Amino acid sequence: MQHAGGAPLPPPHAPGQPPHDWAQPIEPEATAPLRPGAPPPPYTPPGSGPATAQLPAHPQSPPAPAHHPGAPHTAGTQQPPGQGWHGPAPQHASARPPSRDTTGHVALPPGGPVPMPQAPEGTGATTLAVLLIGPAGAGKTTVARYWAQHRRVPTAHISLDDVREWVCSGFADPQSGWNDHSEAQYRLARRTCGFAARNFLANNISCILDDAVFPDRPVVGLGGWKRHVGPGLLPVVLLPGLEVVLERNAERSGNRRLSDEEVAGIHGRMAGWYGSGLPIIDNSQYDVPTTARLLDDVLARTIASPPSW
């Protein structure tokens, strides 16, 4: 069955597809693409034999195929040629990687391990004033000097006993006991140490002082040091066991060596620092470098969280 114009009937549309739009030209029947370099097949009119086949004088290009809804559309590509097509052989585009100018293509640098941030160790480069407290034989002078020598910033060491010994004639010897004469020289030495510490701190030089400060005399001892140096003074107690203190005191000579009774009495009074809130280091089993490292760690924690004493 044919239409009046002689056109063949359209094929019925499959289920789920829209009917053909008759306002659009019908696509020609696709044939296999030509082999590159081969001549196109001759045009044979219907009803004519091979001997009478003639090429048309002006071959016409087939109409452009219609774009069906839902069919992919690729710009710049050609459809397979139909029968009688004399155009150039179709060229197939090869897949290429996206260039740097392509939108959305970002060249990332090669990855690498990310190191963990290093926290500063100890007190670092902080300018501070430290008061190291302890009984005779605790090792406070040796530890204070070692700590000052191994810091990364300028640090001075001021020993109260050294300043007291600046008095050559009429020196109040500690072996003679504590009296008004020794009390006056002690106060003078402490003011001198405080004056030197303030000058060091004003020039960005840290300082550490050592003294046998008793907890039962806050006004004379710790309070006096805070008045002369400043409220930012950081006190730390160095308190080893009594046996260790007696052993170290026996190795001393001159006026630095005290009797065992005096050492035991001073050590007993120093025990009052327990419960005061001040940091206490028991260096009975530690050498000087280990004790100095513990002192630096204690000071770092004190700076981060100031005490309430």
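Model, not experiment: these values are computed from the prediction.
Annotation: side chain of Trp225 is in contact with side chain of Cys193 (closest heavy-atom distance under 4.5 Å). For the pair Ile266/Val245, no side-chain contact is recorded, criterion being any heavy-atom separation below 4.5 Å from C-beta on. Within the 4.5 Å cutoff, side-chain heavy atoms of Cys207 are placed close to those of Leu201. Looking at heavy atoms from C-beta onward, Arg301 lies out of side-chain contact with Pro279 at the 4.5 angstrom threshold. For the pair Tyr186/Leu160, a side-chain contact is recorded, criterion being any heavy-atom separation below 4.5 Å from C-beta on. The closest side-chain heavy-atom distance from Thr127 to Val153 is not below 4.5 Å.
Distance alone, capped at 3.5 Å, places no donor-acceptor pair between the Asn203 side chain and the Ile205 backbone. Within the 3.5 Å criterion, the main-chain N or O of Pro135 finds no donor-acceptor partner in the side chain of Arg269. Side chain of Ser159 to main chain of Asp210: no donor-acceptor pair is present (N/O by atom type, distance under 3.5 Å, no hydrogens or angles).
At a cut-off of 3.5 Å, with distance as the only test, a side-chain donor of Asp282 or Ser284 sits close to an acceptor on the other residue.
For His150, the ring pair (Phe, Tyr, Trp, His ring centres under 6.0 Å) partners two or more places apart in sequence, or in a different chain, are Tyr146.
The side chain to side chain contact (heavy atoms under 4.5 Å, CB included) test with Thr291 singles out one residue from Thr142, Asp296, Val143, and that residue is Val143.
More than 12 heavy atoms of other residues, nucleotides or ligands shown are found within 6.0 angstrom of CD on Glu165. Heavy-atom neighbours of Asp180 CG from other residues, nucleotides or ligands within 6.0 Å: at or below the threshold of 12. Open room surrounds CD on Gln285; 12 or fewer heavy atoms of other groups in view lie less than 6.0 Å from it.
Note that CG of Leu239 is 11.0 Å distant from CD1 of Ile133, once rounded to the nearest 0.5 Å.
Both Ile158 and Trp166 are part of a single hydrophobic cluster, where members link through side-chain heavy atoms under 4.5 Å apart.
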